[in-house]
Amino acid sequence: MLRRVGRILVNEFTPPPRPRPTPSDQEFAEGYLAEGRVESAIEDPPGGDVQGDDTLNITIDVAGGETLYRAVQSPLGGPGRGSRLVGYHVPVRYTTLDPDYANDVFVVRWPAEVEEALAPYRPTGPGALRARAWNLLADFGLLLVILGVPLSFAGLLDVILSLFGQSIFSDLIPGYWPGLALLAGLSALVLGGSCSILGDSPVAAFERKRARDGAPPV
């Protein structure tokens with residue numbers, strides 16, 4: 001009996017872990033449905049290898065005049081793009097009234113602008129097929145750049161450590177050579193950047209032509 005009381009007291013007064021885990025889909029489904037408002041967008045601080053997506057601050061007005069403050073990652077990838085959603089009202093789900101549970105939020109439906117932005121690039125009209133092909137090349141180049149950044153960093157770090165007779169990955173990966181990893185990473189950056197620029201230019205030209213012809217943007 002005393003042990004049961006002790007466990008109850010511990011569970012009741014022990015502070016939750018931080019950051020608290022995001023509720024599961026089932027918990028959100030059984031939670032509350034309300035309207036939230038995107039109040040602001042915060043960019044990921046620069047300084048890392050790749051700057052992440054924005055964080056959207058959402059307020060939720062609940063019964064009794066109370067306001068909950070929640071945060072969610074912007075669905076529009078890339079730094080600064082989340083500001084386009086500031087001011088929108090979105091249906092959300094949450095599970096508790098805890099004012100400190102920042103990630104207790106699930107956006108049920110984003111505005112139509114987000115759905116359009118996340119849709120695959122599918123232009124129509126003369127030259128559309130070529131534009132899609134160039135867009136795929138640009139996307140492939142971006143993927144190479146994303147892969148090349150950590151690979152270059154890891155290779156450079158290991159090359160520097162190898163000068164002192166040490167290595168991070170040699171013991172983990174058989175046949176690993178720091179110089180080859182660095183070369184592969186730099187090659188991915190150069191090739192990826194070239195493909196991205198090469199693919200973006202024809203796509204931009206295609207969209208400018210569509211705009212001149214009076215066609216709506218994709």
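Remember, predicted model here, so these are calculated numbers, not experimental data.
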Check whether Tyr88 and Val105 end up in the same hydrophobic cluster, where Ile, Leu, Val, Met, Phe, Trp and Tyr are linked by side-chain heavy atoms less than 4.5 Å apart.
yes
List the steps and the verdict of side-chain contact (heavy atoms from CB on, under 4.5 Å) for Phe28 and Thr22. CA-CA 10 Å; Phe28 276 130; Thr22 302; 4.0 Å; yes
Under a 3.5 Å distance rule, please check whether Ser40 uses its side chain to pair with a backbone N or O of Asn57 as donor and acceptor. no
| field | N/O donor-acceptor pair under 3.5 Å between Glu30 side chain and Glu27 backbone | value | no
Tightest non-hydrogen contact, residues Gly185 and Ser152, listed as C-OG, 2.8 Å
With the side chain counted from C-beta on, respond yes when Ile60 and Ile58 share a heavy-atom pair under 4.5 Å apart, and no when they do not.
yes
Check: Ser196 side chain, Gly192 main-chain N or O, donor-acceptor pair, under 3.5 Å: no
d(Leu144 CG, Phe140 CZ) to nearest 0.5 Å is 4.0 Å
- Message: According to a hydrophobic-cluster definition based on side-chain heavy atoms being under 4.5 Å apart (Ile, Leu, Val, Met, Phe, Trp, Tyr only), do Leu186 and Val159 belong together?
- Response: yes
Does any N or O in the side chain of Ser74 come within less than 3.5 Å of the main-chain N or O of Asp54, such that one atom is a donor and the other an acceptor?
no
CG (Leu151) and CG (Leu183) are apart, to the nearest 0.5 Å, by 9.5 Å
Next on the checklist: Is there a continuous path of hydrophobic side-chain contacts, each under 4.5 Å between heavy atoms, that joins Ile197 to Leu142?
Outcome noted: no
Taking Tyr32 as the starting point, is it possible to reach Val90 by hopping between hydrophobic residues whose side chains are less than 4.5 Å apart? yes
Between Thr59 and Glu39, does any side-chain donor sit less than 3.5 Å from a side-chain acceptor? yes
All heavy atoms of Val86 vs all of Ala41, minimum pair found to be CG2-N, 3.8 Å
Heavy-atom nearest pair, Gly148 first then Ala188, reads CA-CB, 3.9 Å
Nearest heavy-atom approach of Trp110 to Leu56 is CH2-CD1, 3.6 Å
Between Arg70 (side chain only) and Asp104 (backbone N and O only), is there a donor and an acceptor less than 3.5 Å apart? yes
Q.
Count I, L, V, M, F, W, Y as connected when their side-chain heavy atoms are under 4.5 Å apart, and connections chain through other members. Are Leu143 and Leu198 then in the same cluster?
A. no
Considering only heavy atoms from C-beta outward, does the side chain of Val108 approach that of Arg93 to under 4.5 Å? yes
Q) Just wondering, do Ile160 and Leu156 contact through their side chains at under 4.5 Å, heavy atoms? A) yes
How about Pro202 and Leu137: do any of their side-chain heavy atoms sit closer than 4.5 Å?
no
Nearest heavy-atom approach of Arg109 to Pro91 is O-CD, 3.5 Å
Separation between OG (Ser187) and CG (Leu182), nearest 0.5 Å, reads 9.0 Å
Counting C-beta onward and ignoring hydrogens, is there a side-chain heavy-atom pair between Tyr101 and Leu68 closer than 4.5 Å? no
Counting C-beta onward and ignoring hydrogens, is there a side-chain heavy-atom pair between Asp200 and Trp134 closer than 4.5 Å?
no
Worksheet item: Do Val72 and Thr55 come close enough that some side-chain heavy atom pair is under 4.5 Å?
Response: no
CG of Asp25 to CZ of Phe106, rounded to nearest 0.5 Å, is 6.5 Å
query: Is there a side-chain contact between Leu85 and Pro75, using heavy atoms and a 4.5 Å cut-off?
result: yes
